[in-house]
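Every chain is numbered from 1 and lettered A, B, ... according to where its sequence line falls, protein lines coming before strand lines. All values derive from a computational prediction rather than experimental measurement.
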Amino acid sequence: MAQDKTKRPETPRPIRGTQDMLGDSADRFAHVVDTFERVRKLYGFRRIEVPVFEATAVFARSLGESTDVVAKEMYSFEDRGGDSLTLRPEFTAGIARAYITEGWQQYAPLKVATHGPLFRYERPQKGRYRQFHQIDAEIIGAAEPLADVELLCFADQLLKELGINDGVTLTLNTLGDAQSRDAWRAALVAHFEGHRDALSEDSVDRLARNPLRILDSKDPRDKAVVDAAPGIDAYLSDEAAAFFDKVTSGLDAAGVAWERNARLVRGLDYYRHTAFEFVTDRLGAQGTVLGGGRYDGLIENMGGPVTPAVGWAAGIERLGMLLDHIQSDALDVAFIPMGEAAEKVAVRILSELRRSGLVCEMGYRGNIKKRMQRANDARAKFAVIIGDDELAEDVAIVRNLQTGVQTKQPIEHLGQIPFSLLDGMSLGRAVDATGSIVDLLTGDQAPQ
RNA sequence: GCGAUCGUAGCUCAGUUGGUUAGAGCGCUGGUUUGUGGUACCAGAGGUCGGGGGUUCAAGACCCCUCGAUCGCCCCA
């Protein structure tokens, strides 16, 4: 009664930045993952699983100890033994760790793919959550530009098969090899130092912390200085230029459209050569749909052997938001038994049909009207109604829910004869027939 | 960490310059149809107006605090 309300325990709230999915959003999510799994096999990427949490050092090492990303934007905690653990904020570092500690070097060059939840301690906004999900693909132990090309073709085909390539562009850049990168970086710092007064406060800040990031500043005050900044091309070594050329000509050969974005950068030092992002303007402030690049320096940074590698990742939720329209799976047959005896018969036929691959359902409760409504809501093609009257005759009513035409059919036919043949005309019993399917037709076609 | 906007039924929302008993659509339950969905009609259930404090004869509305959400900034591995 009323006083029970005061006793009702308080329901714990969901954690900020987490999501519960049912219906449309869950269907979108599943469609992205299904498509990824299918396309990944076409490219020969092996499925792997890695832990959701690691020693904090795995991610701290890959990011460089000092960045505030490590301090402020990771979900870290101490376990009971006092060790610092972190919920994975990305896939690459954990995969790199596994590559070293599991001896996966023997499989190099190794093409792997995975998907699952990631965690970042950030304030949620459109297309950005604290627990989010990504699909991920990596090629480890391949220094060849062909690896970059294959990975990009994979990404391109995935987006096309998801039907979201419209309005999405592949933007591409090279960061060169270590020498090219360092030379360019020095030139950029010199340039920005020279125009310090013209920069926004944020960018003056970045100049000290992470000067490459000034290139993708959103502040309009920075635009002129950024536009005048030196591009990397003048600083590329011959080898680096040749590498980039092989990547772009490979994309052309494969028919993958791309645009050069000489301002596209990566903040971390282990990135080399190719950097890319598939971008859209349909997601508010979060424009990147899929991003990645070559990280030849990472595995070495983590104490492994010198190992070239390239990879990408994409947010499942973001991809899901870009999908046009997702139709949930329709039902082939809805069973509507009335009474316990009918229920038992229905359970038997239901099992047979499911084993033969039909999508079937039977509700647990409700009168016939209610169950018909449910069948209709589930977009069932057929309803099979069995009550005491039908049981007495050993028949079931098969109703086509699109046409509204229904017939009585011998129960033994269900599961043996396709529904397309049971649709609209009553069939006789096999024992009365001479062996030809035509003999089963009785001419009793009048719907109820 | 910072800024803006917003919290009213399960969902989406309305609610006048502060004024009696807080409304609609959808959904849910039941009925018209005791065994037939999609359409229609009728009825019913369902609300701590996010929470706390204040102003007032009177607060869903005004003020303060707090919690939460959304969008953006910072950051973006």
Side-chain angles (χ1 to χ4, degrees), chain A residues 2 5-6 8 10-11 13-19 22-23 58-64 67-74 86 88-96 118-129 132 134 136 200-203 205-206 209-210 212-213 216-219 265-271 275 277 283-288 291-293 295 298 301 311-313 315 331 334 336-339 342 363 366-391 397-406 447-448:
Chain A
K5 281 189 170 178
T6 59
R8 184 177 292 172
E10 200 176 323
T11 306
R13 307 316 308 164
I15 303 300
R16 182 199 296 277
T18 61
Q19 336 168 59
L22 172 71
V58 169
F59 306 112
R61 194 82 54 79
S62 87
L63 291 168
T67 62
D68 57 333
V69 169
V70 175
K72 287 161 73 173
E73 299 184 26
M74 297 202 311
T86 295
R88 64 182 179 197
E90 57 154 337
F91 277 114
T92 309
I95 293 173
L118 302 170
F119 306 83
R120 294 182 186 175
Y121 198 86
E122 300 178 292
R123 204 164 187 97
Q125 48 183 290
K126 190 178 181 66
R128 211 174 179 185
Y129 308 94
F132 58 106
Q134 286 188 343
D136 181 276
S200 65
E201 302 81 14
D202 281 336
S203 286
D205 236 39
R206 292 185 184 108
R209 276 197 342 265
N210 199 348
L212 294 194
R213 278 271 152 214
D216 42 34
S217 165
K218 287 172 188 163
D219 197 311
V265 293
R266 290 280 111 100
L268 302 174
D269 288 339
Y270 54 74
Y271 279 104
E277 287 179 3
L283 282 179
Q286 315 304 325
T288 301
Y295 51 93
L298 172 62
N301 272 7
W312 57 250
L331 207 54
I336 303 178
M338 302 307 294
N367 57 26
I368 189 164
K369 177 175 181 152
K370 197 77 231 167
R371 288 172 181 231
M372 285 295 283
Q373 275 173 6
R374 294 253 158 77
N376 198 60
D377 292 344
R379 295 186 295 114
K381 297 188 190 100
F382 291 93
V384 171
I385 303 164
I386 307 173
D388 291 337
D389 297 349
E390 287 74 26
L391 236 38
I397 293 173
V398 174
R399 183 180 178 90
N400 182 320
L401 291 177
Q402 269 116 58
T403 63
V405 176
Q406 68 180 38
Q448 299 268 90

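Atom OH of A:Y270 and atom P of B:rA77 are 8 Å apart (whole Å). Whole-Å rounding puts the A:L212 CG to B:rC76 C1' distance at 14 Å. As rounded to whole Å, 18 Å separates atom P of B:rG1 from atom CG of A:D202. Atom CG of A:L22 is separated from atom P of B:rC11 by 13 Å (rounded to the nearest Å). Atom CG of A:L298 and atom P of B:rA77 are 13 Å apart (whole Å). A:R266 has its CZ atom 9 Å from the C1' atom of B:rA77, to the nearest Å. For the pair A:E90 CD and B:rC75 C1', the interatomic distance rounds to 15 Å; values are reported in whole Å. Rounded to whole Å, atom P of B:rU36 lies 11 Å from atom CD1 of A:I336.
Among the heavy atoms of the strands lying under 4.0 Å from A:N210 are primed sugar atoms or P, OP1, OP2 only; no base atom is included. Among the atoms of the strands shown, none is found under 4.0 Å from any heavy atom of A:Y295. Residue-level contact check: A:E277 touches neither bases nor backbone, having no heavy atom under 4.0 Å from any strand.
At least one side-chain nitrogen or oxygen of A:R213 sits closer than 4.0 Å to the OP1 or OP2 atom of B:rC76. For B:rU29, one of the phosphate oxygens OP1 or OP2 lies less than 4.0 angstrom from a side-chain nitrogen or oxygen of A:K370. For the OP1/OP2 pair of B:rA77 and a distance below 4.0 Å, the side-chain nitrogens and oxygens of A:R88 include no atom meeting the criterion.
In terms of heavy-atom proximity, A:R61 sits nearest to A:N301 at CG-O, 3.6 Å. A pairwise comparison of heavy atoms in A:I368 and A:M338 identifies N-CE, 3.7 Å as the closest pair. In this structure, A:P89 and A:M74 approach most closely via the heavy-atom pair CG-SD, 4.1 Å. The shortest non-hydrogen separation linking A:N400 to A:T403 is OD1-N, 3.0 Å. Taking both residues in full, the closest heavy atoms of A:E90 and A:F59 are given as O-CE2, 3.9 Å, listed atom of the first, atom of the second, then distance. In terms of heavy atoms, A:L401 sits closest to A:A375 at CD1-CB, 4.1 Å.
Between B:rA43 and B:rA59, the two C1' atoms lie 34 Å apart (nearest whole Å). Between the P atoms of B:rA4 and B:rU66, the separation comes to 14 Å (whole Å). Nucleotides B:rC63 and B:rA22, compared at atom C1', are 23 Å apart to the nearest Å. For the P atoms, the distance linking B:rG68 with B:rU56 amounts to 32 Å, nearest Å. Between B:rC67 and B:rG50, the two C1' atoms lie 7 Å apart (nearest whole Å). When the P atom is used for both B:rC62 and B:rC71, the distance is 25 Å, rounded to whole Å. Between the P atoms of B:rG10 and B:rG47, the separation comes to 7 Å (whole Å). Nucleotides B:rU48 and B:rG35 have their C1' atoms positioned 44 Å apart, rounded to a whole Å.
For A:R120, there are no salt bridge (charged side-chain N to carboxylate O under 4.0 Å, His left out) partners, not counting sequence neighbours. A search for side chain to side chain contact (heavy atoms under 4.5 Å, CB included) contacts involving A:R16 returns A:R123, A:P124, A:R130, not counting sequence neighbours. Considering only residues two or more places apart in sequence or on other chains, A:E277 meets the salt bridge (charged side-chain N to carboxylate O under 4.0 Å, His left out) condition with A:R266. The side chain to side chain contact (heavy atoms under 4.5 Å, CB included) search around A:D269 returns A:R181, A:R185, not counting sequence neighbours. Every residue two or more places apart in sequence or in another chain was checked for a salt bridge (charged side-chain N to carboxylate O under 4.0 Å, His left out) with A:D377, and none qualifies. With sequence neighbours excluded, the residues that form a ring-ring contact (aromatic ring centres under 6.0 Å, His included) with A:F382 are A:F419. Listed by chain and number, the residues in a side chain to side chain contact (heavy atoms under 4.5 Å, CB included) with A:L22 amount to none (sequence neighbours excluded). In this view, A:N376 satisfies the side chain to side chain contact (heavy atoms under 4.5 Å, CB included) rule with no residue, not counting sequence neighbours.
For A:R371 (side chain) and A:P337 (main-chain N/O), a donor-acceptor pair under 3.5 Å exists by modelled atom type.
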Using nucleotides 37-40 of chain B, report all nitrogen or oxygen pairs with the protein that are shorter than 3.5 Å.
{"residue": "B:rG37", "atom": "N7", "partner": "A:R399", "partner atom": "NH2", "Å": "3.0"}
{"residue": "B:rG37", "atom": "O6", "partner": "A:R399", "partner atom": "NE", "Å": "3.3"}
{"residue": "B:rG37", "atom": "O6", "partner": "A:R399", "partner atom": "NH2", "Å": "2.8"}
{"residue": "B:rG37", "atom": "N1", "partner": "A:L401", "partner atom": "O", "Å": "2.6"}
{"residue": "B:rG37", "atom": "N2", "partner": "A:N376", "partner atom": "OD1", "Å": "2.6"}
{"residue": "B:rG37", "atom": "N2", "partner": "A:L401", "partner atom": "O", "Å": "2.4"}
{"residue": "B:rG37", "atom": "N3", "partner": "A:N376", "partner atom": "OD1", "Å": "3.0"}
{"residue": "B:rG38", "atom": "O4'", "partner": "A:N376", "partner atom": "ND2", "Å": "3.0"}
{"residue": "B:rG38", "atom": "N2", "partner": "A:L401", "partner atom": "O", "Å": "3.3"}
{"residue": "B:rG38", "atom": "N2", "partner": "A:Q402", "partner atom": "O", "Å": "3.2"}

Check the interface with nucleotides 5-7 of chain B: list each N/O to N/O pair with the protein under 3.5 Å, or write none.
none

- Message: What does the 5'-to-3' dot-bracket notation of RNA chain B look like when only Watson-Crick and G-U wobble pairs under 3.5 Å count, and pairs to other strands show as |?
- Response: (((((((..((((.....[...)))).(((((.......))))).....(((((..]....))))))))))))....
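For A:L268, taking side-chain heavy atoms from C-beta onward, the closest of the listed nucleotides B:rG35, B:rA77, B:rC75 is B:rA77.
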- Task: Summarise how protein sits on nucleotides 66-72 of chain B as a single string, 5' to 3': B when a protein heavy atom is under 4.0 Å from the base, S for sugar-phosphate-only contact, - for no contact.
- Result: --SS-SB
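Distance check: A:L268 CG to A:L212 CG gives 10.0 Å after rounding to the nearest 0.5 Å.
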